[in-house]
Colleague: 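Can you keep this structure in mind? I'll have questions shortly.
Proteins get letters first, then strands, A, B, ... in listed order; numbering begins at 1 in each. Because the structure is a prediction, the values reported are computed rather than measured.
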There are 2 protein chains.
Amino acid sequence: MYSQPESRVVIIEDDQTIREGYAYLINHTSPYQVVATYPSFDAAKHKISKDQPDVIILDIQLPGTNGIDALPQLKRLLPQVYIIMLTVYETEKTILDALANGASGYFTKNTPTAKLIEAIKDVLNGGGPMSPDVAKTVILSLQKNQDSPLTKRETQILELMTTGKDRGQIAKELFIEVETVKTHTKNIYTKLNVNTKAEAIQVAKDKRLV
Amino acid sequence: MYSQPESRVVIIEDDQTIREGYAYLINHTSPYQVVATYPSFDAAKHKISKDQPDVIILDIQLPGTNGIDALPQLKRLLPQVYIIMLTVYETEKTILDALANGASGYFTKNTPTAKLIEAIKDVLNGGGPMSPDVAKTVILSLQKNQDSPLTKRETQILELMTTGKDRGQIAKELFIEVETVKTHTKNIYTKLNVNTKAEAIQVAKDKRLV
DNA sequence: CAAAAAATCACCCTTTAGGGGGTATTTTTT
DNA sequence: AAAAAATACCCCCTAAAGGGTGATTTTTTG
């Protein structure tokens, strides 16, 4: 899909100043048009389909239905729409939730309008935008713990455990005996101070060992 | 950390044209200096510590040790260094592996030098850069399957299962009885055509249901 | 409002994957 | 040469998982 000058933007944001500020700037400094703005998702949901937006700029901290919960509903209402999230908070969890729920991008409110406009262009051209700060968070969240107490093989086995594979499958996959897998898991449990697979997986995810 | 004019850059890239091209452009059109370039990781590993780089631009397709495998070693050698990956391929797996192994950013070789320089600035200032295409891939990889056969509750339970929690823990967490959890898992298994927890988790991860 | 879908809870019965303990050889690293 | 990692076996035991069946309540939706 190519970015058409007539691409339609809808803003859902409770803060009037921000809402109107962005709307004004987008309308006057970009080829896109803000066809509607709403102060809440609840106010938007019955009308937004008629707006036929290509891009929705969606705040997270909304009165009533929040942005995270609104996301899947908007996606259902308008499957083709690109959604750019707006927020003041940048906790990892929130961001990942937003992305996982179908946001095309993510920005904070101090994002300059120019950046936002560029982001609109980017999503319309098929590349999802991501602010450096957010990218950083995502990256960090994907990084493994550097100083793991586990050996390479143990990490490998723990990894396979988290995928739901049982000892037999793990053994087959690594071309070793089931008993060897067992020995490794015992050592893993000792090192992680746990004594069940479930706990091990939890610790592994928690400490980013896998 | 702030971007200092004297920030030191090392390039590891086998293609001489690209290597020298980037080096020349960075040296002449940015405040950063390329203090060394190497055609392979193997050629770099014994000398790179002395280069004291702040940023390493690392190609993935290298002769000998490839960039992905070089990543953790470089991180071990120079824990503070920022690494920007360079590649022609953009398969999801490769990218995620790179990010997971500690890359600060990710670019393709047709990235204009200006962008690369900006990326260097970004990483030095604490924001990891990420090209729109890559961001898109990451985002897509994080997105859940929209048309899951599972209900909300079932998805929720499947999610908890993947974290290694047992029925008891899941029940407690959702304020329901163990028997209810069991019923849900049965339904999940039926819908996913599996009959063990392990299989369910594998299908879930495979089809991005969680 | 009525029907359908989703979520809740219960009892029976069977199996096995997982976990504890101990020992030992080979390979790789340092 | 010593240490660390990876490999492999044996015995024992049970908690958790899985199959079957049935039923009530809540929520969603046409």
Colleague: Suppose we screen for side-chain hydrogen bond (donor to acceptor under 3.5 Å, both in side chains). Which residues come up paired with A/Q52, at least two apart in sequence or across chains?
Modeller: none

Colleague: Of all residues at least two apart in sequence or in a different chain, which pass the salt bridge (charged side-chain N to carboxylate O under 4.0 Å, His left out) check with B/E199?
Modeller: none

Colleague: Please report the distance, rounded to the nearest Å, between CD in B/Q156 and C1' in C/dA7.
Modeller: 11 Å

Colleague: Check the distance between C/dG18's C1' and A/M161's CE and give it to me in whole angstrom.
Modeller: 11 Å

Colleague: Would you please name every residue forming a side-chain hydrogen bond (donor to acceptor under 3.5 Å, both in side chains) with B/T190, sequence neighbours left out?
Modeller: none

Colleague: Rounded to the nearest 0.5 Å, what separates atom CD1 in A/I170 from atom CD in A/E159?
Modeller: 11.0 Å

Colleague: So, for B/K191 and B/L150, which heavy atoms are closest and what is the spacing to 0.1 Å?
Modeller: CD-CD2, 3.8 Å

Colleague: What residues form a side-chain hydrogen bond (donor to acceptor under 3.5 Å, both in side chains) with B/E173, not counting sequence neighbours?
Modeller: none

Colleague: Using the test side-chain hydrogen bond (donor to acceptor under 3.5 Å, both in side chains), find all partners of B/E177 that sit at least two apart in sequence or belong to another chain.
Modeller: none

Colleague: Mind listing the closest non-hydrogen atom pair of B/L77 and B/S49 along with its distance?
Modeller: CG-OG, 3.9 Å

Colleague: First locate atom CG of B/L58, then atom CG of B/L74, and finally report the distance between them rounded to the nearest 0.5 Å.
Modeller: 6.0 Å

Colleague: Which value, rounded to the nearest 0.5 Å, describes the distance between B/T185 atom OG1 and B/L158 atom CG?
Modeller: 10.0 Å

Colleague: Report for the helix from C/dC1-D/dG30 to C/dT30-D/dA1: angle between first-end and last-end helix axes, five pairs each, rounded to 10 degrees.
Modeller: 80°

Colleague: With sequence neighbours excluded, tell me which residues meet side-chain contact (heavy atoms from CB on, under 4.5 Å) with A/D51.
Modeller: A/V10, A/V35, A/A36, A/Y38, A/I48, A/P53

Colleague: At a heavy-atom distance below 4.0 Å, which nucleotide of DNA chain D is the first touched by chain B, and which is the last?
Modeller: D/dA17 to D/dT21

Colleague: Below 4.0 angstrom, which residues in residues 187-199 of chain B have at least one non-hydrogen atom near DNA chain C?
Modeller: none

Colleague: Under the salt bridge (charged side-chain N to carboxylate O under 4.0 Å, His left out) test, which residues partner B/K182, sequence neighbours left out?
Modeller: none

Colleague: Enumerate the residue pairs fulfilling salt bridge (Lys or Arg N to Asp or Glu O under 4.0 Å) with a member in residues 35-47 of chain B, sequence neighbours excluded, ordered by first and then second residue.
Modeller: B/D42-B/K45

Colleague: Heavy-atom contacts under 4.0 Å between residues 168-185 of chain B and DNA chain D, which residues?
Modeller: B/K182

Colleague: Return the value, rounded to whole Å, for the distance between atom CZ of A/R153 and atom P of C/dT29.
Modeller: 13 Å

